[in-house]
*Asks:* 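Mind having a look at this structure? Questions to follow.
Side chains are part of it too, since the values below use all heavy atoms of this structure and drop only hydrogens, waters and symmetry mates.
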Amino acid sequence: MKNLKQLILPCYKVELAMSVEAWYFLHGTTGGVCNLTYFLSLLSRMAVTEVQNTKRGLSYTLHPGQVDSSMLVLAKEWNIGRKAVSRLLDDFSERGLVRVDSNPMTSIIDMVCVKSWMIAGRLMENPTYNQVVKSYEGVRIFLFNGQKLETLRHSSARKKAEKPTDKPEAQPSVNPTDSNPLIEVTEADTIVPTGNGQEDGQEKVSDRMITDADNTPVLEDEDTSSVSQDRKQTQE
């Protein structure tokens, strides 16, 4: 069975009500065919008025909102096995889409998710309708005869991928005019001994020169000969 491209209904418009889970199930597949196609096949067979049928010499009445079809007929039409047809109808039944009543002659399928339909300008309520969910909790669908099904099959609610809103954290600005904490000195460090242990021979840090290349404190050049002569005099 191929996926339908156009909807075939026995009336002008049909209103359906089902749970969200049932609606998502119809967008699944069985035997490579969308489950919605199988369901719409049943919907196209639904009676909208009372019909008298006869099988094997026995007559029976088909009421509005019912489908008359055996498992064998559905298996041939859907091109799947009878067990697959039975399982699919059970899945429909568990989700509140249909109700199946089988007998030796045929299977009567109540389209319990069909709320109403419009025919000849008149709105008809489905006598087999079974409200399983409230209108604001489930899915409400209106189908029209001859409607294209491509948009219907892909109309399941899907959230779009949200774009990331996190922005990279701003890096702290670096002020080149700030003082370098590695070369900061306190008032206690302003006196540096020169080696003779006397305050007269001490020099101030302000006399030091800091190079621009690596911010490394460098002492100015001094006459080292005078220092050596002072040491000889103190030894004598």
*Asks:* With a 4.5 Å cut-off on side-chain heavy atoms, are Leu26 and Met18 touching?
*Replies:*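 Side-chain contact under 4.5 Å: yes.
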*Asks:* Got a second to check how far Leu16's CG is from Met111's CE, nearest 0.5 Å?
*Replies:*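 That separation rounds to 7.5 Å.
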*Asks:* Using every non-hydrogen atom in the two residues, find where Phe144 and Leu7 come nearest and quote the distance to one decimal.
*Replies:*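 Between these two residues, the closest heavy atoms are O-CD2, 3.4 Å.
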*Asks:* Okay, side chain of Thr29, backbone of Gly32: is any donor-acceptor separation there less than 3.5 Å?
*Replies:*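 Such a contact is absent between Thr29 side chain and Gly32 backbone.
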*Asks:* side-chain contact (heavy atoms from CB on, under 4.5 Å) for Arg95 and Glu21? Distances and angles first, verdict last.
*Replies:* CA-CA 8 Å; Arg95 289 162 178 81; Glu21 195 273 338; 3.1 Å; yes
*Asks:* Applying side-chain contact (heavy atoms from CB on, under 4.5 Å), run through Arg140 and Glu15 and close with a yes or a no.
*Replies:* CA-CA 7 Å; Arg140 199 178 209 182; Glu15 179 183 357; 2.7 Å; yes
*Asks:* Side chains of Ser86 and Leu88: closer than 4.5 Å at any heavy-atom pair?
*Replies:*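 Counting from C-beta outward, Ser86 and Leu88 never come under 4.5 Å.
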*Asks:* Transitively linked via ILVMFWY side-chain contacts under 4.5 Å: Val132 with Tyr129?
*Replies:*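 Val132 does not cluster with Tyr129.
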*Asks:* Does any N or O in the side chain of Gln6 come within less than 3.5 Å of the main-chain N or O of Gly146, such that one atom is a donor and the other an acceptor?
*Replies:*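 Yes, Gln6 side chain to Gly146 backbone: donor-acceptor pair under 3.5 Å.
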*Asks:* Which heavy atom in Trp117 sits nearest to a heavy atom in Cys11, and how many Å separate them?
*Replies:*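 Reported closest heavy-atom pair: CB-SG, 3.6 Å.
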*Asks:* Search all heavy atoms of Pro127 against all heavy atoms of Pro64 and return the closest pair with its distance.
*Replies:*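 In terms of heavy atoms, the two residues are closest at CG-O, 3.5 Å.
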*Asks:* Could you walk me through whether Thr30 and Asn35 pass the side chain to side chain donor-acceptor pair (under 3.5 Å) test, one step at a time?
*Replies:* CA-CA 6 Å; Thr30 298; Asn35 294 332; 2.6 Å; yes
*Asks:* Please state whether the rings of His27 and Tyr24 are parallel, tilted or perpendicular, taking 30° and 60° as the class boundaries.
*Replies:*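 Tilted.
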*Asks:* Which atom names give the shortest non-hydrogen contact between Met71 and Arg82, and what distance separates them?
*Replies:*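 The pair with the smallest heavy-atom distance is CB-NE, 4.2 Å.
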*Asks:* Which atom pair, heavy atoms only, marks the closest approach of Ser116 to Glu125?
*Replies:*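 Taking Ser116 first and Glu125 second, the nearest heavy atoms are CB-OE1, 4.0 Å.
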*Asks:* What's the spacing between Leu62 CG and Thr106 OG1 if we round to 0.5 Å?
*Replies:*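 That separation rounds to 8.5 Å.
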*Asks:* So, for Ala75 and Gly81, which heavy atoms are closest and what is the spacing to 0.1 Å?
*Replies:*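 Heavy-atom minimum between the residues: CB-C, 4.2 Å.
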*Asks:* Under 6.0 Å from the NZ atom of Lys55, do we count more than 12 heavy atoms belonging to anything else shown?
*Replies:*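 More than 12 within 6.0 Å, yes.
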*Asks:* Would you call Leu97 and Cys113 a side-chain contact if the rule is heavy atoms closer than 4.5 Å?
*Replies:*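 Yes, side chains in contact.
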*Asks:* I'd like to know if Val112 and Leu43 are part of one continuous hydrophobic network [Ile/Leu/Val/Met/Phe/Trp/Tyr, side-chain heavy atoms within less than 4.5 Å].
*Replies:*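 In one cluster with Leu43: Val112, no.
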*Asks:* Starting from the C-alpha separation in whole Å, work towards a yes-or-no answer on side chain to side chain donor-acceptor pair (under 3.5 Å) for Thr61 and Gln52.
*Replies:* CA-CA 5 Å; Thr61 301; Gln52 296 293 327; 2.8 Å; yes
*Asks:* Hydrophobic clustering (ILVMFWY, side-chain heavy atoms < 4.5 Å, transitive) - are Val20 and Val98 grouped together?
*Replies:*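 Val98 and Val20: one cluster.
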*Asks:* Could you check if a side-chain atom of Leu74 sits within less than 4.5 angstrom of a side-chain atom of Leu89, using non-hydrogen atoms only?
*Replies:*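 Answer yes - side chains close enough.
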*Asks:* Passes side-chain contact (heavy atoms from CB on, under 4.5 Å), Ile141 versus Trp23? Steps please.
*Replies:* CA-CA 10 Å; Ile141 308 167; Trp23 176 243; 3.1 Å; yes
*Asks:* Less than 4.5 Å apart, any side-chain heavy atom of Asn145 and any of Lys13?
*Replies:*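 Not in contact.
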*Asks:* For the pair Thr54 (side chain) and Gly57 (backbone), establish whether a donor and an acceptor sit closer than 3.5 Å, ignoring hydrogens and angles.
*Replies:*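 Checking the backbone N and O of Gly57 against the side chain of Thr54, no donor-acceptor pair under 3.5 Å is found.
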*Asks:* Please report the interatomic distance CD1(Ile109) to OG(Ser102), rounded to the nearest 0.5 Å.
*Replies:*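 Reported value, rounded in 0.5 Å steps: 7.5 Å.
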*Asks:* According to a 4.5 Å side-chain heavy-atom criterion applied to Ile, Leu, Val, Met, Phe, Trp and Tyr, with indirect links allowed, do Ile80 and Leu72 form part of one hydrophobic cluster?
*Replies:*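 As far as the 4.5 Å side-chain criterion goes, Leu72 and Ile80 are not connected within one cluster.
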*Asks:* Return yes if a side-chain donor-acceptor contact under 3.5 Å exists between Thr128 and Gln66, otherwise no.
*Replies:*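 The criterion, which ignores hydrogens and geometry beyond distance, is not satisfied for Gln66 and Thr128.
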*Asks:* Could you tell me whether the side chain of Ile108 reaches within less than 4.5 Å of the side chain of Val67, counting heavy atoms only?
*Replies:*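 Val67 vs Ile108: side chains apart.
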*Asks:* Can Met118 be reached from Leu9 by stepping across I, L, V, M, F, W or Y side chains whose heavy atoms are under 4.5 Å apart?
*Replies:*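 No, Leu9 and Met118 fall in different hydrophobic clusters.
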*Asks:* Does the side chain of Leu40 come within less than 4.5 Å of Leu143's, by heavy atoms?
*Replies:*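 They are in side-chain contact.
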*Asks:* Carefully, step by step, assess Val114 and Met46 under the rule side-chain contact (heavy atoms from CB on, under 4.5 Å).
*Replies:* CA-CA 10 Å; Val114 177; Met46 184 183 66; 4.1 Å; yes
*Asks:* Can you find a heavy atom in the side chain of Phe92 that is under 4.5 Å from one in the side chain of Leu42?
*Replies:*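 They are in side-chain contact.
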*Asks:* Once you round to the nearest 0.5 Å, how far does CG of Asp110 lie from OG of Ser93?
*Replies:*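 That separation rounds to 10.0 Å.
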